[in-house]
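Working notes for the structure below.
Just so you know, ligand 1 is whichever comes first in the structure, and atom 1 is the first atom listed for that ligand.
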Amino acid sequence: MTVVTRIAPSPTGDPHVGTAYVALFNYAFARRHGGRFVLRIEDTDQARYVASAERRIVEVLRWLGLTPDEGPGIGGDHGPYRQSERLDVYRAHVERLLASGHAYRAFETSEELEAMRLDQQRRGVDPGYDGRGRSVDAAEQRRRAASGEPHVVRLRTPDDGHTTFHDLLRGDVSVPNAEIRDAVLLKSDGFPTYHLANVVDDHLMGITHVVRAEEWVVSTPLHVLLYQAFDWAPPVFAHLPLLRNPDANKTKISKRKLDTSVESYRDQGILPEALLNFLATMGWSMPDGRELFSLRDFVEAFDLERVSLGGPVFDLKRLRHLNARYLREVLPLERVADRVVPFLRAAGHEPDDEDFLLDVVDVLRPRAETLAELAAQADYFFADRIAYDDDARRRLAAGQAYLEDLEREFSRLEFYDDDAIDDLLHDYVQRQAVPLGKVLMPLRVALTGTGQAPAVVDLVAILGRRRTLARIGQALQAIQEGLPDDDPERLRAEAEAAAKTAGAKGRRRPPSAADRG
Ligand code: GLU
């Protein structure tokens, strides 16, 4: 038997991390057994349909490397793969169930159903459709339907006994049939419900293993009854644990508590490799306990029955930490550089000097957890002009004499490598008899605009002669332009503001020029 798995997302919004999780496990199971992995779009809920969602699901799967073997836009022998294009299939199948007596047309209006619900509430009985439509005989149903009376089609579920299915992860799950109501299969607008379309498609698409989220466990007995009504063998079921918020109650992950959008993680610069590795550790661990492993390793080791059900937590800190390890330890430098380029472009830089880019990424990757952070830190490497803020200008001014000397020294330096730069700086501070830090700080600020940056030697070496000298020049110019404090306009404005707020309690007095000394 060829294993065929599927994901069946509804295109209702942002591609969800839960979808990526279920996709990963379905993909791995199919690959492990040399089978196929199908994408089916369950788009029969018109009210919640979002036009861009399908394209974005496909993109996200491609980004993760979980490309389906069959699906919309991909092809396959069992299409179409969008449920909205299969309405005839569902209607034909409903006809079959009507003919065999497993289903019936029900004509209750919404007012009538509401009255039934209120009555049930008043009597304290379990809510749900009470099967009243069953009593209308088949000929009468046909006549009323033919006359255009609005109706739905419902499954006639058994009143006695139990329905049981075997879940690969949970064992036997059994429900009294009395609790399974006559579910709607076809809505009054002619669209199928999730239950009907899902079962019909899983069967027609040859799905052998339905591996999906825990929330569908409660629907499965109804699905099993549908398989029985069609006289089909049901697939193997396995319901994966729900991912949990990292809160005290470990509630099911939700947008309100956590970012659940795969695109958002991608846009923050989480690597697909890291996200996959992270999701693969949700309810699963490598038999040898390895924490870092590739998709290929996962597929090789994957055993569905080893999935554990103890509420895996979507811990963002752990994801970021894992991502950092992929940036630093796992991916080759060139690959990280490739991945960072779109982020740099988005920030308006054109990283066309390959060697420079590699040097920048090399020095920054130990300092960033995501690609976006790496790109943000790389900003000063690629900027044409450094924007010096007040604080930076103050520090530059304090080191003006050193900067003037170093401009001269660096322009004379023949070899621009780490050793030469290091020697130059050490010789210089020795001659000047000043502590190294006093010289390095203004230089670091001149080169980057910030005091938080990698080692100055690395900065000078990576920037090279042209950029280093240009930046020291810019810094000296910024000193010439003067500190904002020297601006008489501003001083006057500050003094006025200070006078105005002098009486106001709890407000901080704006610093005057004198404070700043
Ligand atoms: N359309 C359902 C969903 O959005 C599919 C559930 C299933 O896998 O059966 O999750």
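At least one N/O-N/O distance between Ala8 and ligand 1 falls below 3.5 Å.
Listed by first and then second residue, the salt bridge (charged side-chain N to carboxylate O under 4.0 Å, His left out) pairs that reach into residues 215-232 are Glu215-Lys252, sequence neighbours excluded.
For ligand 1 and Asn198, the ligand atoms under 4.0 Å from any heavy atom of the residue are 7 (C), 9 (O). The distance from ligand 1 to the heavy atoms of Glu42 drops below 4.0 Å at these ligand atoms: 1 (N), 2 (C), 5 (C).
For His162, the NE2 atom counts as densely surrounded, since its 6.0 Å shell holds more than 12 non-hydrogen atoms of other residues, nucleotides or ligands.
Of the protein's heavy atoms, Ser10 OG, 3.1 Å lies nearest to atom 4 (O) of ligand 1. Annotation: atom 8 (O) of ligand 1 to nearest protein heavy atom, Arg6 NH1, 2.5 Å. In terms of protein heavy-atom proximity, atom 10 (O) of ligand 1 is nearest to Trp216 CZ2, 3.4 Å.
The shortest separation from a heavy atom of Glu215 to ligand 1 is not under 4.0 Å, leaving the residue out of contact.
At a 4.0 Å heavy-atom cut-off, ligand 1 does not touch Val22 at all.
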Identify all side-chain donor-acceptor contacts of residues 198-205 below 3.5 Å with residues at least two apart in sequence or on another chain.
unit_1, atom_1, unit_2, atom_2, d
Asn198, OD1, Arg212, NH1, 3.4
Asn198, ND2, Glu42, OE2, 3.1
Asp201, OD1, Arg86, NE, 2.8
Asp201, OD1, Arg86, NH2, 3.0
Asp201, OD1, Tyr90, OH, 3.3
Asp201, OD2, Gln83, NE2, 2.9
Asp201, OD2, Tyr90, OH, 2.6
Asp202, OD1, Arg6, NE, 3.0
Asp202, OD1, Arg40, NH1, 2.9
Asp202, OD1, Arg40, NH2, 3.1
Asp202, OD2, Arg6, NH2, 2.9
His203, NE2, Trp232, NE1, 3.3

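For Phe25 and Tyr21, the distance between ring centers is under 6.0 angstrom.
A heavy-atom distance below 4.5 Å is found between the side chains of Arg170 and Glu214.
Taking the six-membered ring where the residue is Trp, His151 and Phe107 present tilted rings, their angle falling between 30° and 60°.
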